[in-house]
Amino acid sequence: MPELPEVENVRRSLSDALVGRTVESVRVRRRDVVHGSARPPDLLRGCRIRSVRRHGKQLALMGAAAHDRQVDRCVCVHLGMSGSLQAVPAHRRGGGPARPVPHTHVTWTLDDGTQVRFVDPRRFGGIWTFADSNELVQHRWRALGEDALVIRPGSLLQSFQRTQRALKPALLDQNLVAGLGNIYVDELLFNCRLHPLTPCRTLTLNRIQALVRCMRQLLHRATRCGGSTVRDYVDGHGRPGHFQNAHQVYGRAGQSCVRCRKPLRRQIVAGRGTVFCPGCQALGGR
DNA sequence: CACCACCCCTGGACGC
DNA sequence: TGCGTCCAGGGGTGGT
């Protein structure tokens, strides 16, 4: 389940393989994963890739039409739960017709023979096409909150003050802060000793500052470790992450808390499986 | 506007 | 071995 650290690793690895290359052809196997125009030129055919951007959990391939450098193109990719975007170099595809990877919905072929494949078995992800970066921001990224790596305590304080919600559902809300998912919210709340059901309203600026520091540190550490591979996440080169080995609560229900040795509890919060330490993360805090 | 329940989807775990 | 059932979960949508 790609969250910010995983998506950032996909972004970096894809940048290596894509930036500066030109898209020679695009193949769409499932039209319904593409939102907006699925015409090959709108899916970057004939474009030179200028950059790979990220906001929260979303990626965007920014291209410039080769025949007219003024014409921009932009393809936004959301990996959802089970999506992956991998660049497979020509030499790794070998000579013979390798059996196709199931659920490969869109394939781009670059001028050096590299294939970029969007694979998404559960189809919780998708692809959105835009004329340029303005459209991307207007129609898709503007509604999102600030990216979790750059958000400042002040904006979080503002959001927290006008919501009645608990911390966990608020932090999972991409319109409030973009990039956190179930894994990193649980890890974050454990790190800063906050109960998932703490009402956002009750957090002082001081505690929000600590929360933001914790969040950046956690996300940076996880990113450096290549992200978390819980089931099948891999980056743009097919490499798994290893931050799952450093998880302190996620996936550890019933095991003992690394701080106080009490058993970790699992409870449904905001409809999501939530693991926390009832000892360290008391409601009301300390 | 704020919030929540519901639904989308597949593969893996588990029980018989 | 094989089949059925349950569950995970991001986020869009529609209802309250």
Side-chain angles (χ1 to χ4, degrees), chain A residues 1-8 10 29-36 54-60 76-85 100-106 117-129 136 138-148 155-189 196-201 219 222 227-234 240-241 244 247 249-254 264-276:
Chain A
M1 45 221 76
E3 305 178 24
L4 189 150
E6 292 77 35
V7 177
E8 176 60 16
V10 173
R29 284 167 204 268
R30 273 200 80 112
R31 174 59 242 259
D32 60 346
V33 308
V34 181
H35 306 262
R54 181 191 62 74
H55 187 99
K57 306 176 192 172
Q58 304 194 25
L59 286 169
C76 177
V77 179
H78 193 286
L79 299 175
M81 286 292 301
S82 60
S84 70
L85 200 55
V101 178
H103 308 293
T104 303
H105 307 314
V106 179
R117 300 170 180 165
F118 175 63
V119 181
D120 185 14
R122 291 187 208 177
R123 274 179 275 141
F124 278 24
I127 290 174
W128 287 259
T129 57
L136 165 72
Q138 281 301 312
H139 293 117
R140 197 154 173 83
W141 283 6
R142 198 173 62 158
L144 294 174
E146 289 174 68
D147 189 84
S155 357
L156 218 44
L157 177 69
Q158 275 197 344
S159 308
F160 281 4
Q161 280 177 342
R162 39 164 212 265
T163 184
Q164 305 292 325
R165 281 191 292 181
L167 264 180
K168 170 126 185 180
L171 292 172
L172 282 174
D173 183 349
Q174 301 300 297
N175 296 334
L176 215 150
V177 50
L180 300 174
N182 208 34
I183 295 176
Y184 293 105
V185 167
D186 279 10
E187 293 297 320
L188 172 62
L189 293 175
L197 290 175
T198 309
C200 293
R201 297 290 286 270
L219 295 173
S228 305
T229 296
V230 172
R231 207 214 228 89
D232 47 17
Y233 159 75
V234 289
Q244 66 280 4
H247 290 173
V249 286
Y250 184 86
R252 296 194 64 241
L264 299 175
R265 181 193 297 168
R266 185 175 190 278
Q267 185 181 325
I268 302 296
V269 176
R272 305 266 178 256
T274 300
V275 186
F276 64 101

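Order of the sequence lines fixes the chain letters, A, B, ..., with proteins taken first and strands second; residue numbering starts at 1 for each chain.
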Nucleotide interval of DNA chain C bounded by contacts with chain A (heavy-atom cut-off, under 4.0 Å):
dA8(C) to dG12(C)
Set of side chain to side chain contact (heavy atoms under 4.5 Å, CB included) partners for His247(A), sequence neighbours left out:
Ile183(A), Glu187(A), Ser228(A), Val230(A), Phe243(A), Gln244(A), Tyr250(A)
Can you name the residues that form a ring-ring contact (aromatic ring centres under 6.0 Å, His included) with Phe276(A), not counting sequence neighbours?
His195(A)
Once each nucleotide of nucleotides 3-10 of chain B is scored for protein heavy atoms under 4.0 Å, what B/S/- sequence comes out, 5' to 3'?
SS---BBB
For Asp147(A), what residues pass the side chain to side chain contact (heavy atoms under 4.5 Å, CB included) criterion, not counting sequence neighbours?
Leu4(A), Arg54(A), His55(A), Leu149(A), Val150(A)
For the helix from dA2(B)-dT16(C) to dC16(B)-dG2(C), how many degrees between its two end axes (five pairs per end), to the nearest 10°?
40°
Partner set under side chain to side chain contact (heavy atoms under 4.5 Å, CB included) for Ala253(A), not counting sequence neighbours
Arg266(A), Val275(A)
Identify whether any heavy atom of Tyr233(A) sits under 4.0 Å from a base atom; if not, whether one sits that close to sugar-phosphate; answer base, sugar-phosphate or nothing.
nothing
Across all chains, not counting sequence neighbours, the side-chain hydrogen bond (donor to acceptor under 3.5 Å, both in side chains) partners of Arg122(A) are none
Here the pair of heavy atoms bringing Leu180(A) nearest to Glu3(A) is C-OE1, 3.9 Å
For His139(A), give me all partners under ring-ring contact (aromatic ring centres under 6.0 Å, His included), at least two apart in sequence or on another chain.
none
Just to verify, what does Thr129(A) make a side-chain hydrogen bond (donor to acceptor under 3.5 Å, both in side chains) with, not counting sequence neighbours?
none
Ala270(A): what forms a side chain to side chain contact (heavy atoms under 4.5 Å, CB included) with it, not counting sequence neighbours?
Pro169(A)
Which residues pass the side-chain hydrogen bond (donor to acceptor under 3.5 Å, both in side chains) test with Thr163(A), not counting sequence neighbours?
none
